[in-house]
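First comes the structure, then the notes that go with it.
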Amino acid sequence: MLSRYDLHSHSTLSDGTLTPRELVQRAAGAGVRVLALTDHDTTDGVAEALAAARTTGIELIPGVEISVTWQGAVIHVLGLGVDHRCAELQQGLAGLREVRARRAEEMGQRLEKSGIPGAFSGAQALSSGHLVSRTHFARFLVGAGYVSNMRKVFQNYLTRGKPGYVASEWATLEQALSWIAAAGGQAVIAHPARYPFTNAKLRRLLQEFVELGGSGLEVVSGSHNRDDCLRMARFAAEFDLSASAGSDYHGPENPWVELGRLTPIPENVPPIWQHWPSREDLLSA
Ligand code: AMP
Ligand code: MN
Ligand code: MN
Ligand code: MN
């Protein structure tokens with residue numbers, strides 16, 4: 001089903017394969033009206049995306065997907081509607097990119113020790129000079145023939161306990177929410193059904209998130225099935241969070257995920273955009 005809102009997507013500035021301009025054009029072609037660019041730990045694609053949006057009639061929401069370590073687990077927090085010129089946000093994101101740069105070198109060294117040379121430079125080349133994500137390592141390992149597909153490469157090389165995995169300390173939940181607030185954005189927990197949490201642990205996360213000023217839960221996600229979506233809608237209602245919807249699009253290489261191809265938000269939770277000014281309101285203001 002087509003959603004006019006797609007509030008989670010990636011460009012070449014992190015681990016997507018389309019440039020911000022190509023991403024905006026594809027979203028427009030797919031019928032999306034409001035797109036959030038939410039690259040991992042950077043807003044460096046926002047200016048290009050905003051410029052492209054002006055010429056395609058799309059509304060571009062500047063965003064970011066922040067890497068967070070919470071109770072020993074890595075979770076992702078989206079900042080939607082952030083002012084990408086905010087110094088506090090930029091300082092925080094710059095710190096995370098330093099963590100990424102050190103991690104990438106160490107991942108390369110570990111892979112080298114397990115008989116895979118050249119992974120660091122290979123991943124770096126695939127990142128076209130921007131930040132390096134595990135996705136770039138995964139693409140390198142698949143491209144070089146070490147593994148047959150992206151699912152297996154994460155499973156066998158890039159997750160906890162596997163040869164290319166390096167544990168990192170990302171932002172705290174409190175830091176992520178304070179940077180997003182400083183930049184005037186709304187915080188949303190990304191793809192909540194993907195974390196290996198019990199209901200009790202997820203409730204602890206949501207409680208803390210609400211206390212720190214969080215706004216939304218990504219109820220509809222390209223990585224959620226229908227059951228995940230209904231379950232997360234119940235959690236959103238329980239914690240008075242609004243519901244966000246995003247494909248988590250990374251590029252046309254993955255045919256299972258398309259911009260704007262999302263199920264509707266269940267009716268028991270308000271969408272996060274319910275109080276956003278619509279394009280028509282903006283034009284008539
Ligand atoms: P990083 O933030 O560098 O640790 O990389 C995390 C990224 O890897 C996520 O944003 C996804 O794009 C990608 N990823 C994680 N797990 C998988 C998986 N099982 N299959 C494909 N991509 C994955
Ligand atoms: Mn990613
Ligand atoms: Mn994510
Ligand atoms: Mn994402």
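One-based numbering, in listed order, for ligands and for the atoms of each.
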What atoms in ligand 1 come closer than 4.0 Å to a heavy atom of [X]?
X	answer
D15	7 (C), 10 (O), 12 (O)
H40	10 (O)
R103	1 (P), 3 (O), 4 (O)
S133	3 (O), 5 (O)

- After noting the C-alpha distance and the side-chain angles of I66 and L93, does the key distance pass the side chain to side chain contact (heavy atoms under 4.5 Å, CB included) rule? CA-CA 8 Å; I66 302 182; L93 297 181; 4.1 Å; yes
- request: Could you please spell out the steps behind the side chain to side chain contact (heavy atoms under 4.5 Å, CB included) verdict for R4 and W273?
  value: CA-CA 11 Å; R4 287 155 56 89; W273 55 82; over 6 Å; no
Just by distance, with hydrogens left out, do [X] and [Y] show a side-chain donor and acceptor under 3.5 Å apart?
X	Y	value
H250	D15	yes
S67	D41	yes
E65	H10	yes

So CD of E238 and CZ of R234: to nearest 0.5 Å the spacing works out to 10.0 Å
CG of L173 to OG1 of T69, rounded to nearest 0.5 Å, is 10.5 Å
Practice item. Using the salt bridge (charged side-chain N to carboxylate O under 4.0 Å, His left out) rule, take R26 and E258 through it: C-alpha gap first, then chi angles, then the decisive distance, then the call. Key: CA-CA 10 Å; R26 188 177 179 105; E258 185 50 77; 2.7 Å; yes
Could you tell me whether the side chain of R110 and the main chain of Y165 form a donor-acceptor pair under 3.5 Å?
yes
Among protein heavy atoms, which sits nearest to [atom], and what does the distance come to when rounded to 0.1 Å?
atom	result
atom 22 (N) of ligand 1	F154 CE1, 3.2 Å
atom 4 (O) of ligand 1	R134 NE, 2.8 Å
atom 7 (C) of ligand 1	T135 OG1, 3.5 Å
atom 12 (O) of ligand 1	H250 NE2, 3.0 Å

**Any R100 heavy atom less than 4.0 Å to ligand 1** = yes
Residues P62 and H84: closest non-hydrogen pair is CB-ND1, 4.4 Å
The number of protein N, O or S atoms lying under 2.8 Å from the Mn ion (ligand 4) is 4
